[in-house]
Amino acid sequence: MLTPLDRAMKNLLIIKPDLFWLGMVVSERKVVRLCFSYSEKGIREGLGIKSSQRPSASSLLQSLKSDMTDYWKGMRVDFSGYPLDLAGYSPFYKKVWTQTRLIPYGEVRSYKWVAEAIGTRGFRAVGKALGNNPFPIIVPCHRVIKEDGGLGGFSSGLAIKRRLLKIEGFLKD
DNA sequence: TAATGGTTCGGCG
DNA sequence: CGCCGAACCATTA
């Protein structure tokens, strides 16, 4: 049986822009999923992919790779135009992710801000939705922090959240 | 239904 | 400031 992710396997690309690896999976027209890990193997495990795959020539994947590389060089890359495959996710999650995409590069908002913007007071549920964000960086969940200025959490490790906020100039060394 | 979070807010020392 | 405790609410078991 072939899951959607299996079918998209041919469009998997893994790069190592930092101390950690970044896996990117796209389908024909949309970004399906991104994933961080400190090992290349961890990416494959995180994505549930067993065999190694040949890198794809997909133009979507190529521009994503290029943009990601620029992003890690510190360039102000705008990911807001990337089409995301949101099929199968709950309406609430979609609202949270869509709202989070509106936070500008280099700026942050609180979990509460996101919640209120989409008409709920479930700020903890927002945290949960961001914890399940399949599109890190593109959906900049790292720009959502606590109301009191604390960083809050990050599912793939707080160190990565800090790194991203440093790259964007929000955090100093 | 109960438990669980990437939270918030008020209260107290 | 730091440490509770209660409250918020969408998932998941």
Side-chain angles (χ1 to χ4, degrees), chain A residues 1 3-6 8 14-25 30-49 64 67-68 71-72 74 76-80 82 84-173:
Chain A
M1 190 197 85
T3 69
L5 204 53
D6 287 329
I14 302 178
I15 63 176
K16 186 172 186 297
D18 211 304
L19 295 175
F20 39 81
W21 298 75
L22 175 66
M24 299 168 275
V25 179
K30 295 179 179 179
V31 179
V32 173
R33 170 146 203 217
L34 273 65
C35 167
F36 285 120
S37 178
Y38 285 97
S39 70
E40 184 174 7
K41 196 174 135 205
I43 295 282
R44 296 183 184 286
E45 287 170 355
L47 296 174
I49 290 169
L64 188 55
D67 275 347
M68 281 298 166
Y71 177 82
W72 255 276
R76 189 187 177 107
V77 178
D78 176 15
F79 290 100
S80 66
Y82 277 95
L84 306 181
D85 185 358
L86 295 172
Y89 296 109
S90 75
F92 178 78
Y93 277 18
K94 289 185 211 174
K95 279 191 220 165
V96 169
W97 299 335
T98 301
Q99 184 64 33
T100 299
R101 287 191 92 177
L102 300 178
I103 306 172
Y105 183 99
E107 297 184 26
V108 299
R109 299 290 186 276
S110 69
Y111 296 95
K112 182 185 173 189
W113 178 88
V114 175
E116 289 180 345
I118 63 175
T120 174
R121 278 189 289 168
F123 28 75
R124 297 193 76 180
V126 166
K128 198 174 207 178
L130 292 178
N132 289 323
N133 173 20
F135 317 99
I137 302 184
I138 298 181
V139 171
C141 56
H142 58 284
R143 296 180 192 146
V144 184
I145 66 175
K146 290 190 168 188
E147 184 73 10
D148 65 5
L151 284 191
F154 199 71
S155 57
S156 27
L158 210 46
I160 296 181
K161 186 172 191 171
R162 273 194 284 268
R163 184 78 191 93
L164 299 178
L165 290 173
K166 270 182 206 168
I167 288 173
E168 299 191 10
F170 177 75
L171 288 181
K172 315 297 175 193
D173 334 275

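The basis for the numbers below is simple: all heavy atoms, side chains too, and nothing from hydrogens, waters or symmetry mates. By convention in this document, chain letters (A, B, ...) are assigned in the order of the sequence lines, proteins followed by strands, and residues within each chain are numbered from 1.
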**Study point:** Validation row: Ile137(A), Tyr82(A) side chains within 4.5 angstrom (heavy atoms)
**Key:** no
Check your understanding: In whole angstroms, how far is the P atom of dC9(B) from the OH atom of Tyr111(A)?
Key -> 14 Å
Exercise for review: Would you confirm whether Arg101(A), through its side chain, and Phe79(A), through its main-chain N or O, come within 3.5 Å as a donor-acceptor pair?
Suggested key: yes
Practice item. Any chance you could list the contact pattern along nucleotides 6-13 of chain C? Use B for base contacts, S for sugar-phosphate-only contacts and - for none, protein heavy atoms under 4.0 Å, 5' to 3'. Key: -BBBBB--
Exercise for review: Find out whether Leu130(A) and Trp97(A) are in side-chain contact, i.e. whether some heavy atom of one side chain is under 4.5 Å from a heavy atom of the other.
Suggested key: yes
Point to revise | Spacing of Glu116(A) atom CD relative to dT8(B) atom P, expressed in whole Å | key: 10 Å
Check your understanding: Expressed in angstrom and rounded to an integer, what is the separation of Lys112(A) atom NZ from dT7(B) atom C1'?
Key -> 11 Å
Practice item. Would you sort out whether Arg124(A) and Tyr111(A) count as a side chain to side chain contact (heavy atoms under 4.5 Å, CB included), showing the intermediate values? Key: CA-CA 8 Å; Arg124(A) 297 193 76 180; Tyr111(A) 296 95; over 6 Å; no
Check your understanding: Hey, are the side chains of Phe123(A) and Glu116(A) touching, using non-hydrogen atoms and a 4.5 Å cut-off?
Key -> no
**Study point:** Watson-Crick or G-U stems of DNA chain C, 3 or more pairs, under 3.5 Å, by first number
**Key:** B:1-5 with C:9-13, B:7-13 with C:1-7
Point to revise | Interface residues of residues 94-108 of chain A with DNA chain B (non-hydrogen, below 4.0 angstrom) | key: none
Check your understanding: Can you name the side-chain contact (heavy atoms from CB on, under 4.5 Å) partners of Glu45(A), sequence neighbours left out?
Key -> Lys41(A)
Exercise for review: Remember a base hit wins even if backbone is also touched, and classify Val126(A) as base, sugar-phosphate or nothing at under 4.0 Å, heavy atoms.
Suggested key: nothing
**Study point:** Close side-chain approach of Leu164(A) to Trp72(A), heavy-atom, < 4.5 Å
**Key:** yes
Practice item. Provide, to the nearest angstrom, the distance between the NZ atom belonging to Lys146(A) and the C1' atom belonging to dC9(B). Key: 12 Å
Review point. How long is the line joining CD1 of Ile145(A) and P of dT7(B), in whole Å?
Key: 12 Å
Review point. Does a side-chain heavy-atom distance below 4.5 Å link Ile15(A) with Met24(A)?
Key: yes
Exercise for review: Quick one: list whatever passes side-chain contact (heavy atoms from CB on, under 4.5 Å) with Ser110(A), sequence neighbours left out.
Suggested key: Lys112(A), Trp113(A), Glu147(A)
Revision key, fill the gap. Those residues at least two apart in sequence (or on a different chain) that pass side-chain contact (heavy atoms from CB on, under 4.5 Å) with Lys166(A) are Arg163(A), Leu171(A)
Study note, to complete from the structure: Between CZ of Arg109(A) and C1' of dG6(B) the distance, given in whole Å, is 18 Å
Point to revise | Flag, side chain of Lys161(A) to backbone of Val144(A), donor-acceptor distance under 3.5 Å | key: yes
